[in-house]
Amino acid sequence: MEFSEQDHRFMARALQLAARGAGSTDPNPQVGCVLVRDGSVVGEGWHEQAGGPHAEIVALRHAGAAARGAIAYVTLEPCCHHGRTPPCSDALIAAGIDTVIAAMTDPNPLMAGKGLAQLQAAGLAVASGLGASSAEQLNPGYIRRMRSQRPWVRCKMAMSLDGGTASSSGESKWISSADARQDVQRLRARSSAIMTGIGTVLADDPAMNVRLGEAGGQRQPLRVIVDSQLRIPPGARILQLPGEVLIATASADQRRIRALQRPGVQVCRLPGEGGRVDLEGLLDCLAVQQINELLLEAGAILSGAMISAGLVDELIIYMAPRLLGDQARGLLVLPELTRLAQAVALTVHDIRAVGDDWRITARVG
């Protein structure tokens, strides 16, 4: 099917609507829908939160009887299976929709083209692929989990212009600006989980929670602590705040495990090489718990280990306009490189000012 300028315009609107669900639809994807009849929008909607009506249902309710004969522009293939809500494909057929244009097929094995096939079998015209790249960018975690059984991993770091993360004494609060720190809160809010290492917990006693106020919502992502030897104090602040916590460890010390376990705190034993946590196994475990997007906020050792293992998809680096000198602590602990060909390759997707800092977004590989 050849898409018109009008098709592109209405799909762009559907994508815009879908983005409004960021941080509230987890573990479901963000989806938007626009219903158009005779060139005019008669209904639109987006999936607002998990368990609530899907985008297509919201748009159909908005349109009412005007939906009959309309074209539905939807950012993801309509579902055709019973989950927490009935199939959207059945609702589109019952409403008399004439054509469904999806940005992409749903990578969920329960779907994988079956929704579009059902619509076509019912006599609707169907097409997909319009705005597919933009649709994938909306839901990298959901797509990664469905295709590879792993979450999408973002590694957030802050550094000086010359690559330092702390002074030689270890002082690092605050390298980045208040605007950059607020931007990090938005990153946290859209994430399914936030992960850090025991070194950060012992040094800073962080909260690792979302602090955006009522306007940003108060859904708290799962907080994940990589603690190979269970050194975390039972009174650590991260364990006292509302929200779920997962402690990943290699330790078999049942006394310590029992001391930490409580409602809202689970200890997951994932022993790997050298008495350390199996990081690949941890990502597998998080995928089983329907974690789509994992935000890594850790020190140089854990961040470096994740990158070295090929487990980081995206870097978010806040670069502050200051110099810390050659004695400053570095950004990452990586294996020694003897040749430039061994360097970790990055593709920069975005650079923008955030307050006084610059935010660099780069894909790994």
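Cluster partners of Leu337, using a side-chain heavy-atom cutoff of under 4.5 Å among ILVMFWY residues and allowing indirect links: none.
With respect to the salt-bridge test (charged N to carboxylate O, under 4.0 angstrom), the residues Asp313 and Arg154 do not qualify. Between Arg352 and Asp350 a salt bridge is recorded (basic side-chain N to carboxylate O distance below 4.0 Å). Salt bridge Arg147/Glu136: present, at least one basic N to carboxylate O contact under 4.0 Å. A salt bridge links Arg13 with Glu44: the closest approach of a Lys/Arg side-chain nitrogen to an acidic carboxylate oxygen falls below 4.0 angstrom.
The side-chain contact (heavy atoms from CB on, under 4.5 Å) test with Asn292 is passed by exactly one of Pro27, Pro151, Pro29, Ser191: Pro27.
At least one donor-acceptor pair under 3.5 Å links the side chain of Arg256 to the backbone N or O of Gln229. A donor-acceptor pair under 3.5 Å links the side-chain atoms of Asp162 to the main chain of Leu324, judged by distance alone. No donor-acceptor pair under 3.5 Å is formed between the side chain of Gln290 and the backbone N or O of Ala287. Not a single donor-acceptor pair under 3.5 Å links the side chain of Ser176 to the backbone N or O of Tyr318.
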Could you pull out every donor-acceptor pair under 3.5 Å between side chains of residues 68-78 and any protein atom, sequence neighbours left out?
unit_1 : atom_1 : unit_2 : atom_2 : d
Tyr73  : OH     : Asp7   : OD1    : 2.5
Thr75  : OG1    : Gly32  : N      : 3.0
Glu77  : OE1    : Asp106 : N      : 2.9
Glu77  : OE1    : Gly113 : N      : 3.0
Glu77  : OE2    : Gly113 : N      : 3.2
Glu77  : OE2    : Lys114 : N      : 3.2
Glu77  : OE2    : Gly115 : N      : 2.7
Glu77  : OE2    : Leu116 : N      : 3.0

What pairs of donor and acceptor atoms, side-chain ones from residues 275-282 against any protein atom, are under 3.5 angstrom apart with sequence neighbours left out?
unit_1 : atom_1 : unit_2 : atom_2 : d
Asp278 : OD1    : Glu280 : N      : 3.2
Asp278 : OD1    : Gly281 : N      : 3.0
Glu280 : OE1    : Arg150 : NH2    : 3.4

When the side chains of residues 234-241 are checked against the rest of the protein, which donor-acceptor pairs come out under 3.5 Å, sequence neighbours left out?
unit_1 : atom_1 : unit_2 : atom_2 : d
Arg237 : NE     : Asp205 : O      : 3.2
Arg237 : NH2    : Asp205 : O      : 3.2
Gln240 : NE2    : Pro234 : O      : 2.9
Gln240 : NE2    : Ala236 : O      : 3.3

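In terms of the side-chain hydrogen bond (donor to acceptor under 3.5 Å, both in side chains) criterion, residue partners of Arg188 (sequence neighbours excluded) are, by chain and number, Glu297. Residues meeting the side-chain hydrogen bond (donor to acceptor under 3.5 Å, both in side chains) test with Gln342, sequence neighbours left out: Thr338.
Of all the heavy atoms in Ala50 and Asp26, the pair that sits closest is CB-O, 3.3 Å. Shown here for Val348 and Ile360, the closest heavy-atom pair between the two residues is CG1-CG2, 4.2 Å. Residue Gly52 comes nearest to His47 through the heavy atom pair O-CE1, 3.5 Å, listed as atom of the first residue, atom of the second, then distance. In terms of heavy atoms, Gly197 sits closest to Ala298 at N-CB, 4.1 Å. Minimum interatomic distance between Trp152 and Pro140 (heavy atoms only, all atoms of both residues): CD2-CB, 3.7 Å. The two atoms that bring Leu35 and Ala67 nearest to each other are CD1-CB, 4.2 Å, heavy atoms only.
Distance CD/Glu314 to OG1/Thr347: 11.5 Å, rounded to 0.5 Å. To the nearest 0.5 Å, the span separating CD1 on Ile317 from CG on Leu346 amounts to 7.0 Å.
Within 6.0 Å of the CD1 atom in Ile301, the count of heavy atoms belonging to other residues, nucleotides or ligands does not exceed 12.
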